[in-house]
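In what follows, chains carry the letters A, B, and so on, assigned in the order in which the sequence lines appear, proteins first and then strands, with residues in each chain numbered from 1. Since we're looking at a predicted model, the values are computed, not measured. When reading the values below, keep in mind they use all heavy atoms of this one structure, side chains included, and skip hydrogens, waters and symmetry mates.
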Amino acid sequence: MIKEPLIDELEKIVGKENVLTSREALRAYSYDGTTSWIHEPDVVVFPTSADQISAIMKMANTEKIPVTPRGGGTNVSGGSVPIQGGIVLCTTRMNRILRIDKENLSCTVEPGVVLLDLRNRLAREGLFFPPDPQSFLGATMGGIIAENAGGPACVKYGVTKQYVLGIEVVLPTGEIVNLGGRTLKNVVGYDLMHIFISSEGTLGVVTKAELKLIPLPQAQKTIMAVYDDAAAAGESVFRVLENGVIPAKIEFVDNWIINRIEEMMSMGLPTDADAILLFQADGSPEAVEKEAQKIVEIATKYGAREAKIAKDQAEADRYWAARAAGFAATFGKTKTVFSEDVTVPRPKMPDLIKKCKELSKKYNVDVVVLGHAGDGNLHPSILTDISNKEHYDRAVKAMEEIIETAVELGGVLSGEHGIGLEKQKFFNKVTDPVVLNMMKGIKALFDPNNIMNPGKIWD
Amino acid sequence: MEELKELKKVEKYADQCMKCGFCAFFCPVYQVERTETSVARGKNYLAKMAIKGEQEFTPEMGEIISKCLLCKRCVANCPSKTEIDRVVIATRAQMVHEKGLGFPKNFVYRKVFANKKAMNRYARLFRKFQWMMPKTEGKVRHLPDFIRSMGKRNFPELADTFLSEQVKPLYKPADGKAPKMRVGYFYGCATDVVFPHLGLKFIDFLTKQGVEVVVPEQNCCGVAVYAAGDLETARVMAEKNIKAFEDVDYVVTACGTCSSTLKDYQKYLPDNEEQKKRFEAFEKKIKDSTEFVTDVLKVDIGGLKLKKEFEGKTATWHDPCHLVRYQNIKNQPRAILKGLKGLNYVEMSNADMCCGMGGTFSVYHYDISKKIADQKMEGIKATNADIVVTACPGCMVNLTDNAVRHEMPQKVYHWLELLE
């Protein structure tokens, strides 16, 4: 528990209206978007400037109080859960877009800016920040950078780290540093900026970021390809790419999820399909037209029973709304869901999909799959109930085998969600001890008292 | 656990939430406060704790649960379809059940709102003294300086003659022919004491369409009462209203909040199956003015005559939460405004955003309410429209307060007021 005088100190730093201590408020900051991790902080603070954050960190460092940075709290790794109590440092009130520089194709944002607010604002200027984690309605830029978020559009455009030019960070010891800058190229010493991207809030608090932008694509077309065999869908993905077409998005939805979505709301998906792929081509109108035709052609050649271009925006919107409802359709059906984030090299996707089906039979649990097939990042979800021990144990075994398979196939444990608390035990298993020691050394260098989001990534 | 009766009823709705946090984007209160306790996910989490018996009904819990406009924007956009409106109302009901309403709410809801005659007695008393409230402009007044601590609110003055003081019990079709149908007119409190001309206009409109209109003695719809969690009193009010409108084909109202409230008795209030069935039967009879005109009467809008003062003017539509989300009435009012000859129509970008009123929300959380309204006003300004049109007297009061505060040229009208 934090002592009363320190609460007073925090109130002095950020103002009384920016400190919450009621039991109810602490409970509301005890969770994130996961189902299994809950821990209350001792206090929640809402700083409004880097200087305030610096003062908070200095105090916490002196008193050795854990600090968990948090934005919208939409993450699905347990990463923003204050697992050791202490201070939740919430950046949602630092939500200004400070500058949009059309000439430099960049913008400067505070960490609490919500991604969709940014995208809407940029669209008015004809600009585009491509990374699109599907939590864009609540996810804030600080978290997106700290988690190196991805999303469907990464097939063509890449992940967050490719769009950060510079950051201002408050270190756990309170210093404010600027890393990177406003230029596309930068080789002045070690690239320390990228250590913070995907550090999951364990090294410091991003207080400002300079983001790289691109012009907003002029046209888009959506293609739905229908498969009687999910593994064939996996193959279509790399065949399309191999043939020189890089769609903006390639999303995979399996039979089980298609049916749950259709139960929730009729979206016109084929309920008898083993899987579907949704492609989005974007760019200039002429190129998009050609790419769409080519996708239809290749998908049909490699096993799609049907491939069609959405005839208008309404039909396209319907398909993407259905895809966005995928997670809800899964989570709404059971008490506990293990949502995996494994990513494999693209040609290995059919193998992973087959394995998921086998494991579903072997352990007699529902293993359902949707995900960003275009970059090999699938989200197999295992449906179980934590209160049914026998079932839960089988689900855990299935999950372990999925992860082992992904690693054997040359893939990774997490593509975009991060390790947080959710994937810790697998992290320790799959990480080279030498590499783990390097990470721990870096952590100790930045955060000698281990106060910055402690207890995350590794045990 | 008998003592958690009201909350237990909504347990399955609360369980729907998967904590994705998408509601934050849609919540007007979150947009102002940016704290987890202001958004549906946080409230739902605390309600779930309460259902498990792990969260007491503390004053802080009361404060958190009170900070919901019941605008249902989050509900409309929730991927897992969590009906937080049910959870919030049930939580408030549980608190009332355990802690009571407390003064002055117990007096206002049980002695004033629940009894239309008493309410009008107080309204008449207030009318006698409203000269003490300085005039802002036209028929809009504000609080005098000595009670400014309650905020500088602008509000429309009470009418010289309330609707209930002048309305007749029966109006025959204007053409003297046999009536097309017989409808009951539910006028609602705001129309009664603030906008009686609106009620007379609606009756006149209906009789010209060949409809027979009966206006029985009636009660307040009860929305404020049950939104505050006093389900018991609201049930009595609902029963009285159902009884008052027994022998009509439809019950029509020109108040979006009233129409949705009457329809939703079956959703929020039933105490048993038999009551639920009767409330459901009542729901089927209710029509809002906008849907009644377009969907039931199928009036040729192009044939209606626009008042001269609106000729060539540009109108924008504000969607009352109680129409657009509670009743899915979105196209009907737009069809009316676009169909009126001589009137131009422009859509505002945030038409479906709550005006910030939320009934008593704006009384208890006026500062938040104003900030929410600020966004609405920006949307209105950006349209360059001459007038703002809506179909809910509650929204009209709040939009007027804020338009005056923002010194905007736009005046606020009910769509019926545009007609000759």
Is [X] close to chain B through its backbone or its side chain, or both, or neither, when contacts mean heavy atoms under 4.5 Å?
{"X": "Glu17(A)", "answer": "neither"}
{"X": "Ser30(A)", "answer": "side chain"}
{"X": "Ile38(A)", "answer": "side chain"}
{"X": "Phe136(A)", "answer": "neither"}
{"X": "Arg260(A)", "answer": "neither"}
{"X": "Ala25(A)", "answer": "both"}

Atom [atom1] of residue position [X] - does it have more than 12 heavy atoms of other residues, nucleotides or ligands inside 6.0 Å?
{"X": "Lys19(B)", "atom1": "NZ", "result": "yes"}
{"X": "Lys371(B)", "atom1": "NZ", "result": "no"}
{"X": "Lys381(B)", "atom1": "NZ", "result": "yes"}
{"X": "Glu56(B)", "atom1": "CD", "result": "no"}

Taking all atoms of both residues into account, what is the closest heavy-atom pair of [X] and [Y], and its distance?
{"X": "Glu60(B)", "Y": "Ser22(A)", "result": "OE2-OG, 3.1 Å"}
{"X": "Thr37(B)", "Y": "Ala28(A)", "result": "CG2-CB, 3.8 Å"}
{"X": "Tyr29(A)", "Y": "Thr35(B)", "result": "OH-CA, 3.3 Å"}
{"X": "Phe25(B)", "Y": "Leu137(A)", "result": "CB-O, 3.0 Å"}

Working to the nearest 0.5 angstrom, can you tell me the gap between [X] [atom1] and [Y] [atom2]?
{"X": "Asp117(A)", "Y": "Gln31(B)", "atom1": "CG", "atom2": "CD", "result": "6.0 Å"}
{"X": "Tyr31(A)", "Y": "Arg41(B)", "atom1": "OH", "atom2": "CZ", "result": "5.0 Å"}
{"X": "Met265(A)", "Y": "Lys81(B)", "atom1": "CE", "atom2": "NZ", "result": "4.5 Å"}
{"X": "Met18(B)", "Y": "Thr334(A)", "atom1": "CE", "atom2": "OG1", "result": "13.5 Å"}
{"X": "Gln55(B)", "Y": "Arg23(A)", "atom1": "CD", "atom2": "CZ", "result": "7.5 Å"}

Salt bridge flag under 4.0 Å for residues Arg27(A) and Glu54(B): no

Proximal component of Thr82(B), with respect to chain A [non-hydrogen, under 4.5 Å]: neither

Proximal component of Tyr45(B), with respect to chain A [non-hydrogen, under 4.5 Å]: side chain

Glu24(A) side chain near Ile65(B) side chain, heavy-atom distance below 4.5 Å: no

Heavy-atom check, side chain of Phe46(A) versus side chain of Arg34(B), under 4.5 Å: no

Greatest number of heavy atom pairs closer than 4.5 Å to chain B - which of Asp32(A), Val76(A), Val114(A): Asp32(A)

